[in-house]
Number of protein chains: 2
Amino acid sequence: MSAAWAIAHEQGLGAMTLHEVARRVGLRQPSLYVYVESKLDLYDAMFAQANAELLARVDRAGESGSAREQLLRLSRVVLDFAVEDPARQQLLFTRSIPGFTPSAQSYALAEQLIQRTSRLLAELGCGPPQADVYTALIAGLCAQQIANDPGGDRWTRHLEPMLELFLDHFPDSSEPR
Amino acid sequence: MSAAWAIAHEQGLGAMTLHEVARRVGLRQPSLYVYVESKLDLYDAMFAQANAELLARVDRAGESGSAREQLLRLSRVVLDFAVEDPARQQLLFTRSIPGFTPSAQSYALAEQLIQRTSRLLAELGCGPPQADVYTALIAGLCAQQIANDPGGDRWTRHLEPMLELFLDHFPDSSEPR
DNA sequence: GTCTATACTAAGATAGAC
DNA sequence: GTCTATCTTAGTATAGAC
């Protein structure tokens, strides 16, 4: 697993091949089939691992404070997590690996985060349409940060002001139709 | 070119191979080397063509009205263009094709749009940091729309309300630090 | 300009010995 | 569990005939 992550981290998720993984762990490529059923199976294990790690961090960020404070903290944790490792972000939040869809078991982990966020948003007066705007905000900062200033904070530093603006004005008004 | 776009459109940009292009135009793969120097060269031609098309649409959207109206129209044209064809969006706005960077000549076209947008933003009191927020807004709507509701408008319909909110509140206040 | 033939690379996966 | 050997597929690119 860590060899697979290392490759994804260094050269992108698409460069992660079973040959290269085997090379790094000092085995021949066919030997890996003792541990994984296929390459997609390995992706699934990585997906589950990354989601578990994210959930752990969100938990560590705690549940204290108002719903608004909690949402701000949760958003910061998620954004930092995503921006920290572009390959991981690609695996978790985009559907861009040909042939890969997470198994039901792995996806259940991802669901937990979605539930948690939706609940907080609902408490703050944001229904599903506003929640879409929220996800677009996060996704936009994340995409721009990774693409144009990897390792920096040129976009991520706008998270809190944007969320404040969003929470102050979007929940009630501005609903299109 | 149109065969290449058709493949990208149907199966994604990564599925565009010289073999498949040749198949579609009734040639053998080596014959394509009369027309392109390499696969990356073909990507570059596609990049230039798509940028030219986008610029043409932006021009057609006209320059009448206030800076605010112009920015709203330009943003709508760009967002619709990007969402319309995910493969094209990937080629133009993400840097996710291994080994591909646009030639200086092709990139000059992309620069024109950037210039135009920056000028409008500046007229509306948005400096570079606010322009970053603007690009994140567009990128976020675009990414979510393509990933989660392709062909629909679940995210893109929020464009105008979000821009209004952004222009009304972000230019002066909310600047982090 | 187009072809055939081929070199080269590299991937995922399987068979069967040890 | 690990290996060698191999199958199968598919890609980019080049050489040289026509």
Side-chain angles (χ1 to χ4, degrees), chain A residues 1-50 86-88 90-92 94-107, chain B residues 1-50 85-88 90-92 94-106:
Chain A
M1 294 285 295
S2 55
W5 280 118
I7 299 160
H9 201 265
E10 292 162 23
Q11 307 172 44
L13 206 50
M16 196 276 288
T17 67
L18 296 182
H19 278 97
E20 182 60 24
V21 171
R23 226 165 275 139
R24 299 208 181 199
V25 296
L27 289 179
R28 303 295 180 149
Q29 174 255 353
S31 305
L32 295 183
Y33 282 80
V34 171
Y35 305 97
V36 292
E37 286 191 340
S38 67
K39 191 185 178 181
L40 294 179
D41 186 46
L42 177 53
Y43 277 132
D44 194 56
M46 295 168 79
F47 181 90
Q49 193 182 61
R88 192 174 57 186
Q90 191 190 347
L91 180 62
L92 260 58
T94 77
R95 285 287 145 76
S96 59
I97 288 90
F100 172 66
T101 33
S103 63
Q105 195 184 340
S106 298
Y107 191 67
Chain B
M1 295 284 296
S2 55
W5 280 118
I7 299 160
H9 200 265
E10 292 162 23
Q11 307 172 44
L13 207 50
M16 196 277 288
T17 68
L18 296 182
H19 278 98
E20 183 59 26
V21 172
R23 226 166 274 139
R24 298 208 182 199
V25 297
L27 288 180
R28 303 296 180 149
Q29 174 256 353
S31 305
L32 295 183
Y33 282 80
V34 172
Y35 305 98
V36 292
E37 285 191 341
S38 68
K39 191 185 178 181
L40 294 179
D41 186 46
L42 176 54
Y43 277 132
D44 194 56
M46 295 168 79
F47 180 90
Q49 192 181 63
D85 184 341
R88 191 173 56 187
Q90 192 189 347
L91 181 62
L92 260 59
T94 77
R95 285 288 145 74
S96 59
I97 289 89
F100 173 65
T101 32
S103 62
Q105 196 185 338
S106 298

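We name chains A, B, ... by the order of the sequence lines, and we start the count at 1 in each one.
Counting only Watson-Crick and G-U wobble pairs whose two key distances fall under 3.5 Å, DNA chain D forms stems of three or more stacked pairs at C:1-18 with D:1-18.
Taking atom CG on Leu32(A) and atom C1' on dC3(D), their separation rounds to 13 Å, with Å as the unit.
Of all the heavy atoms in Ser96(B) and Pro98(B), the pair that sits closest is O-CD, 3.4 Å. In terms of heavy atoms, Met46(B) sits closest to Trp5(B) at O-CZ2, 3.3 Å. Residues Ala87(A) and Leu13(A) approach most closely at O-CD2, 3.7 Å, considering heavy atoms. Minimum interatomic distance between Val25(B) and Ala3(B) (heavy atoms only, all atoms of both residues): CG1-CB, 3.8 Å.
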What one-letter contact string describes nucleotides 4-18 of chain D from 5' to 3', where B marks a base within less than 4.0 Å of any protein heavy atom, S marks contact via sugar-phosphate atoms alone, and - marks no contact? BB-----SBBB----
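In this structure, CD1 on Ile7(B) lies 8.5 Å from CZ on Arg23(B), to the nearest 0.5 angstrom.
Classified by interplanar angle (parallel below 30°, tilted 30° to 60°, perpendicular above 60°), the ring pair Tyr43(B)/Phe100(B) is tilted.
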Enumerate donor-acceptor pairs with a distance under 3.5 Å from any side-chain N or O in residues 28-38 of chain B to protein atoms, sequence neighbours excluded.
from	atom 1	to	atom 2	distance (Å)
Ser31(B)	OG	Arg28(B)	O	3.3
Ser38(B)	OG	Leu40(B)	N	3.4
Ser38(B)	OG	Asp41(B)	N	3.1

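Tested against Pro102(B) for a side-chain contact (heavy atoms from CB on, under 4.5 Å), the candidates Leu91(B), Asp44(B), Leu92(B) yield a single pass: Asp44(B).
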